[in-house]
Amino acid sequence: MEDEAVVAADSGLASPPADSRMTKQMEAMLLSLPDELLSCCCEKMEMGSLIAMESTCRRLREQVSTDTLAWRQAVRTKWGKAYNNEILDASAVIAGGWKKLFAEKYEPERRQAAYVSPTRSEVAAILDVIKGQGPTLPRNKSAPGTPPSPPYGTSPVSVSIPMSTEEDGRSLLSIVCCVDGSSSVTEEDFWAMKDFLRSLVCSLCETHPTALFSLLQFNQTVKRELPALIPVGPAAKVAVQTMKQLMGSTDIEKPLATAASILASGEETGGQGGDKVILLLSDGQTHMEELAKSEAQVRKAAETSGARFYALGVGRDVDEDGLRRVAAGTLLPGRSHLQPMQQGAYFTLRRHRARR
């Protein structure tokens, strides 16, 4: 028998090793599974195994590439508790799928970037939240003063505020942006805030060309980069582009009070009503007493004019908890029919990756 094995080996007819036969049998069993069962397998796999599986053959590559549940699970496993996790669903839609969103979010980590920032799709999702975009609410004939039914959709950002319009059809979306120009904000952070505002203005020009826009910069005082609410357009773009950092100390309460007065002023807004937004871009570096006063200002604006409020944090030492506390000022019992994201929220715009 040994001689026959030697002859078979010399003639190239040796039997494949047992491990090789077992591997081929397992591959055949795997490929014989229907797509539904393969999807269940993919959903439980770690990302390294998922990528390795994608490179084995055409069938598995197509399965992994098109498996929405697997990539959704991969994104949520890796970033589900990280910054801006509230907008993952909306970001995936904008990115064109969960796999593309994974690639967007993984790229900065692969480059070992020192700071984390929203991806292109996440920025677009944040802009949609600020603009109140999403599926329209169902119209009903409820009695005046009756809160509308909760909007459809499972994503916290797949809903919208009912936006009233004037007889001429002009959108009544009014946004006042408050930009932190104090010395605790670095040049890179200030540039990141301006870059986001440029994206906001361009997005408004496309989707809400008749929206009203105002720009404030603050340190211990408030500077009106735009004297009042103006129609979004070239003047707003120039104001953002030419804004120079003030430096100095920080007082967050003052610009919020100024923003609320601008929104509440009939003379400057051209009429009451409509969807109103206060946007704060800051590192939140101030004391607890001032944060409490800022929260009170936000709550007052929500109560008196129905303003929504969004804070975007920047900086190595951004006080995210403090800015979240200020944003929570818009969560009013009288607006319980709205999703929390509709009333106000905190988003990370730029912070150090090492921060926990």
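Quick note: residue numbers are just sequence positions, from 1.
Proximity of a side-chain donor or acceptor of His287 to a complementary backbone N or O of Glu290 within less than 3.5 Å is detected. A donor-acceptor pair is defined here as one N or O able to donate and one able to accept, closer than 3.5 Å; such a pair exists between the side chain of Tyr83 and the backbone of Ser117. Looking only at distances, a side-chain donor or acceptor of Gln217 sits under 3.5 Å from a matching main-chain atom of Leu246. Side-chain atoms of Ser265 never come within 3.5 Å of backbone atoms of Ser261 as a donor-acceptor pair (strictly under, hydrogens ignored). Side-chain atoms of Arg308 come within 3.5 Å of backbone N or O of Val129 as a donor-acceptor pair. Not one N or O on the side chain of Glu122 forms a donor-acceptor pair closer than 3.5 Å with the backbone of Ile87. Checked by atom type and distance alone, the side chain of Arg353 pairs as donor or acceptor with a backbone atom of Ala113 at under 3.5 Å. Checked by atom type and distance alone, the side chain of Thr207 pairs as donor or acceptor with a backbone atom of Ser203 at under 3.5 Å. Proximity of a side-chain donor or acceptor of Gln220 to a complementary backbone N or O of Asp251 within less than 3.5 Å is not detected.
In this structure, Ala228 and Ser214 approach most closely via the heavy-atom pair O-OG, 3.7 Å. Pairing each heavy atom of Met193 with each of Ser282, the nearest pair is SD-N, 4.1 Å. The two residues Asp283 and Ser184 make their nearest non-hydrogen contact at OD2-OG, 2.7 Å.
Between Arg299 and Glu295 there is a salt bridge, since a side-chain N of the basic residue sits under 4.0 Å from a carboxylate O of the acidic one. Under the 4.0 Å criterion applied to side-chain N and carboxylate O atoms, Arg110 and Glu107 are assigned as salt-bridge partners. The pair Arg350-Asp195 fails the salt-bridge criterion, with no side-chain N (NZ, NE, NH1 or NH2) lying under 4.0 Å from an Asp/Glu carboxylate O.
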Leu281 and Leu349: CA distance, side-chain angles, deciding distance, side-chain contact (heavy atoms from CB on, under 4.5 Å) verdict: CA-CA 8 Å; Leu281 298 91; Leu349 186 59; 4.0 Å; yes
What do the steps show when you test Glu320 against Thr348 for side chain to side chain donor-acceptor pair (under 3.5 Å), and what is the final call? CA-CA 8 Å; Glu320 295 184 304; Thr348 297; 2.9 Å; yes
Does the pair Lys254 and Thr221 meet the rule for a side chain to side chain donor-acceptor pair (under 3.5 Å), with working shown? CA-CA 7 Å; Lys254 289 181 179 179; Thr221 61; over 6 Å; no
Trace of the side-chain contact (heavy atoms from CB on, under 4.5 Å) decision for Phe196 with Val201: CA-CA 9 Å; Phe196 180 84; Val201 172; over 6 Å; no
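Side-chain contact between Leu204 and Leu173 is present, with heavy atoms from C-beta onward closer than 4.5 Å. A heavy-atom distance below 4.5 Å is not found between the side chains of Phe190 and Asp180. For the pair Cys202 and Lys237, the minimum side-chain heavy-atom distance is below 4.5 Å. Residues Leu200 and Cys177 form a side-chain contact, since some pair of their non-hydrogen atoms from C-beta on lies under 4.5 Å apart. Residues Asp319 and Leu291 meet the side-chain proximity criterion, which asks for heavy atoms closer than 4.5 Å. No side-chain heavy atom of Val232 sits less than 4.5 Å from a side-chain heavy atom of Leu212. In this structure the side chain of Asp189 never reaches within 4.5 angstrom of the side chain of Trp191, judged on heavy atoms.
For the residue pair Asn219/Ser182, the side-chain donor-acceptor check at 3.5 Å is not satisfied. For the residue pair Glu109 and Trp79, a side-chain donor N or O sits within less than 3.5 Å of a side-chain acceptor on the partner. Remark: the Glu104 side chain and the Thr119 side chain contain an N/O donor-acceptor pair separated by less than 3.5 Å.
Heavy-atom contacts from other residues, nucleotides or ligands closer than 6.0 Å to NZ of Lys194 number more than 12. A 6.0 Å sphere centred on OH of Tyr115 holds more than 12 heavy atoms belonging to other residues, nucleotides or ligands.
Atom OH of Tyr346 and atom CG of Asn84 lie 8.0 Å apart (nearest 0.5 Å). Rounded to the nearest 0.5 Å, atoms CG (Leu229) and NZ (Lys276) are 9.0 Å apart. Note that CD of Gln241 is 11.0 Å distant from CG of Leu197, once rounded to the nearest 0.5 Å.
Linking ILVMFWY residues whenever their side-chain heavy atoms come closer than 4.5 Å, directly or via other members, places Ile252 and Val222 in the same cluster.
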